[in-house]
Every structure is written in structure tokens, then in C-alpha cells.
Amino acid sequence: MLQKHKERTRRSLPSLAGILRGIPGNADISGDVLYADANKQTLVFGMESRVPQNSEVTMAELKLFKLPPTAKGLPDKRLHRPVNNARVSVYYVEMMKDGSNRTSLVDSRLVPIVESGWRSFDVTHAVHYWMRSNGQSNMHLEIRVDGERHGNYAADMAKLVRFTTQNPTDNAVGKPELVLYTLNLDDHGARGDCSAPASKKDNTCCREEYFINFRELTWTQYWIIEPAGYNAYHCAGSCRQPHSSALKYRYGERTCAVVESSPLPVMYLVKKGDYTEIEVAEFPNMIVERCGCTADNISII
């Protein structure tokens, strides 16, 4: 383990951060309905080549057009408390290799039953899940409509909430749309290692060398055998903030922070009763591998 650590080569880091912008030509991504019933429908969006290279998706917005309710099938409201809303939830659907599905809730909110028009849902986490899905070309979202509260009456009222579909034969206006907002990483953000020439021109976020000598630390000099010390690195510098009208969806100020780390193999002494043993283990998150600009200390890379 120690030999493998010494022989490791460190990769150069891509530049990070940039200016918030919509993807040209890809602001509205249409898809197909795989399944639909009175309370649920599944949408699929073709995502291949939708996210430009060297970009971060900072916000993804699902826009659904709610149709006005019809008087047909309206449940008898006598002897019931009024129900004004229905709960609409959006789930990310992960297609597993064994053919099963796994869903993750990404947004849920109350929608007025009698009103019609566009309703927006934050599906940023769904797009991040998709980007980590090992190259799947499609992203699946499931829309569920439930009652505002428990009970048959609230459930019956929720059935009045209907959204337009992607069915080509459906001539209704306002088909579902997926809008992506991304950060262009070419011009702003982290510069990789602080020793790189590009990082010297300003105080932009970068990875700086930071050596820890175990022989000089009182609490480690007697029990750590190898290594005698190591370059832990740390993140230094600042991040430029994007300026755009779309910033209503931002998660907070972007700061320079660790976005990737690796373990350190350590050979050390362990006292067990009257004798001492030598052990080797990997201590996690000991080496900073990549610095980047994050929002509210949550990486969106």
C-alpha cells in the first residue's frame, strides 16, 4: 500500500466555475411518456449531448402545464372539509441492471386544484443523479399526484389535477419541458494546482501544497512508522460569483473547497495489553485531490 502511494501520479485539474447561462438550443428538452394513469405518469428525457463539456449543471427545472379541472367526476363535497390543493411529487427513476427501478424524491409541493397554468419543479438533484448513472442516455422522472391530506375525499379531489403530456397526438398547449442552467467552466473558477502558471495571475481557487511532518507532531511521532510525512494539500483562493437573472435558483455563494480527496496508507503501532503490534491501514480523506467552487459547501460538479 505504501509503495502504491509513492508511485501514484497526480492528474492536472480542470478549471472550474464560470458564468451562469442556459444551454444554447437546449433550453427546452422534450421527452416521451412511458406510463400514465389517474395519479401517476413517467416521463423520459433524452439527455445525450445536452450538457456541454466542461460545464456544471447548477439548476434543472421541470415545467408542467396544469390543465383546468372539469366538472365531470367532481366528488360530492357535502359533509367534507374543503380541499383546495393536491400534492404533486417528482421522483428520479434509476433503471437498475437487473431490470428493476429505484426511485428518489427530488421535489414535492402543493398545487391548487382549480387553477391552471405552468407549474415548476426543482429537479436539479435528478440531473445530478443521472450524470452519475454511468452513461445512461435517458433520464426518467415520475410524477405522482396525491391528496392534500388523508381520506377518500382528498384523494378523489386530487384526481382532478391533470398535466399535459408529450404524446404527439395530444394537441394541448404547454407540453412538459426540462430547462437546464449550467456554469461555463472555461473562463472562471479553480485553476488546478496553485503551482500551475495559470493560477499565478490572480487569487483564484486552486490546490496548494501543504506538507505534514509526522516526526514533528507530538501525538504522531511515536506511533506512526511510515510515512514520516506527506503532502496533504489544501484549498486556497477565491471564486468568482456568476451574475445572471437566473440566479433565483442558485444555492448560495460559491466558495473554494475540497471536492475530491483520497486515503493515505499508514503503518503504525498499536498497543494491545502488554505488547505492541504493527498494523497497516488506509486513513480516509487525508489527501486533497481536487479543489473547486461549491455552493453552500455542497459540490455541484
Side-chain angles (χ1 to χ4, degrees), residues 22 27-45 57-94 101-130 139-167 170 172-181 245-252 295-296 298 300:
D28 302 333
I29 303 175
S30 61
D32 299 312
V33 173
L34 294 183
Y35 171 83
D37 60 22
N39 298 97
K40 180 169 58 177
Q41 66 171 287
T42 302
L43 305 175
V44 56
F45 293 92
V57 176
T58 59
M59 173 65 192
E61 178 186 19
L62 176 67
K63 298 174 65 177
L64 301 175
F65 189 84
K66 182 185 175 300
L67 297 170
T70 60
K72 182 180 179 181
L74 188 67
D76 189 356
K77 64 180 180 180
R78 292 176 296 178
L79 305 178
H80 292 287
R81 285 190 299 149
V83 172
N84 301 315
N85 303 295
R87 178 161 295 281
V88 179
S89 302
V90 181
Y91 292 81
Y92 170 73
V93 182
E94 182 180 2
N101 298 335
R102 182 169 60 187
T103 59
S104 301
L105 179 66
V106 292
D107 197 8
S108 181
R109 60 192 62 195
L110 293 176
V111 172
I113 294 175
V114 298
E115 297 179 6
S116 62
W118 288 102
R119 295 292 181 266
S120 296
F121 299 87
D122 185 349
V123 294
T124 309
H125 289 302
V127 176
H128 291 169
Y129 292 149
W130 169 81
M139 183 180 73
H140 298 80
L141 298 177
E142 186 174 273
I143 315 300
R144 302 180 190 176
V145 183
D146 299 298
E148 179 182 17
R149 60 174 184 264
H150 295 296
N152 293 333
Y153 179 65
D156 291 339
M157 290 294 292
K159 294 178 182 179
L160 299 177
V161 175
R162 297 181 302 115
F163 297 102
T164 56
T165 70
Q166 294 285 3
N167 193 328
D170 187 356
V173 297
K175 295 182 181 297
E177 298 175 355
L178 181 64
V179 183
L180 302 182
Y181 301 91
S245 60
L247 282 179
K248 61 180 180 178
Y249 298 116
R250 63 181 293 187
Y251 287 91
D296 289 344
I298 299 176
I300 52 178

Exercise for review: With side-chain contact (heavy atoms from CB on, under 4.5 Å) as the test, would you mind laying out the steps for Asn85 and Val83 before giving the verdict?
Suggested key: CA-CA 6 Å; Asn85 303 295; Val83 172; over 6 Å; no

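- Contact annotation: the side chain of Leu141 approaches that of Phe45 to within less than 4.5 Å [non-hydrogen atoms, C-beta and beyond].
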Check your understanding: Would Glu177 and Trp118 satisfy side-chain contact (heavy atoms from CB on, under 4.5 Å), going step by step from the backbone distance to the final call?
Key -> CA-CA 10 Å; Glu177 298 175 355; Trp118 288 102; 4.1 Å; yes

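- At least one side-chain heavy atom of Ile113 sits less than 4.5 Å from a side-chain heavy atom of Val161.
- Two residues are said to be in side-chain contact when any heavy atoms from C-beta on lie closer than 4.5 Å; Lys175 and Phe65 fail this criterion.
- Taken from CG in Leu62 to CD1 in Ile143, the straight-line distance is 5.0 Å, to the nearest 0.5 Å.
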Point to revise | Derivation and outcome, side-chain contact (heavy atoms from CB on, under 4.5 Å), residues Arg87 and Ser108 | key: CA-CA 7 Å; Arg87 178 161 295 281; Ser108 181; 3.0 Å; yes

Check your understanding: Going through the distances and angles, do Val127 and Met139 end up as a side-chain contact (heavy atoms from CB on, under 4.5 Å)?
Key -> CA-CA 8 Å; Val127 176; Met139 183 180 73; 4.0 Å; yes

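- By the 4.5 Å heavy-atom criterion applied to side chains, Val106 and Asp122 are not counted as neighbours.
- Atom CZ in Arg109 sits 7.5 Å away from atom OG in Ser120 (nearest 0.5 Å).
- Annotation: the span from Leu160 atom CG to Leu67 atom CG amounts to 12.0 Å, rounded to 0.5 Å.
- Among residue pairs with one or both ends in residues 144-155, those qualifying as salt bridge (Lys or Arg N to Asp or Glu O under 4.0 Å) are Glu142-Arg144; sequence neighbours excluded.
- Nearest heavy-atom pair across Ser116 and Pro68 is CB-N, 3.6 Å.
- Looking at heavy atoms from C-beta onward, Pro176 lies in side-chain contact with Thr164 at the 4.5 angstrom threshold.
- For the pair Glu61 and Phe121, the minimum side-chain heavy-atom distance is 4.5 Å or more.
- Residues satisfying the ring-ring contact (aromatic ring centres under 6.0 Å, His included) test with Tyr92, not counting sequence neighbours, are Tyr129.
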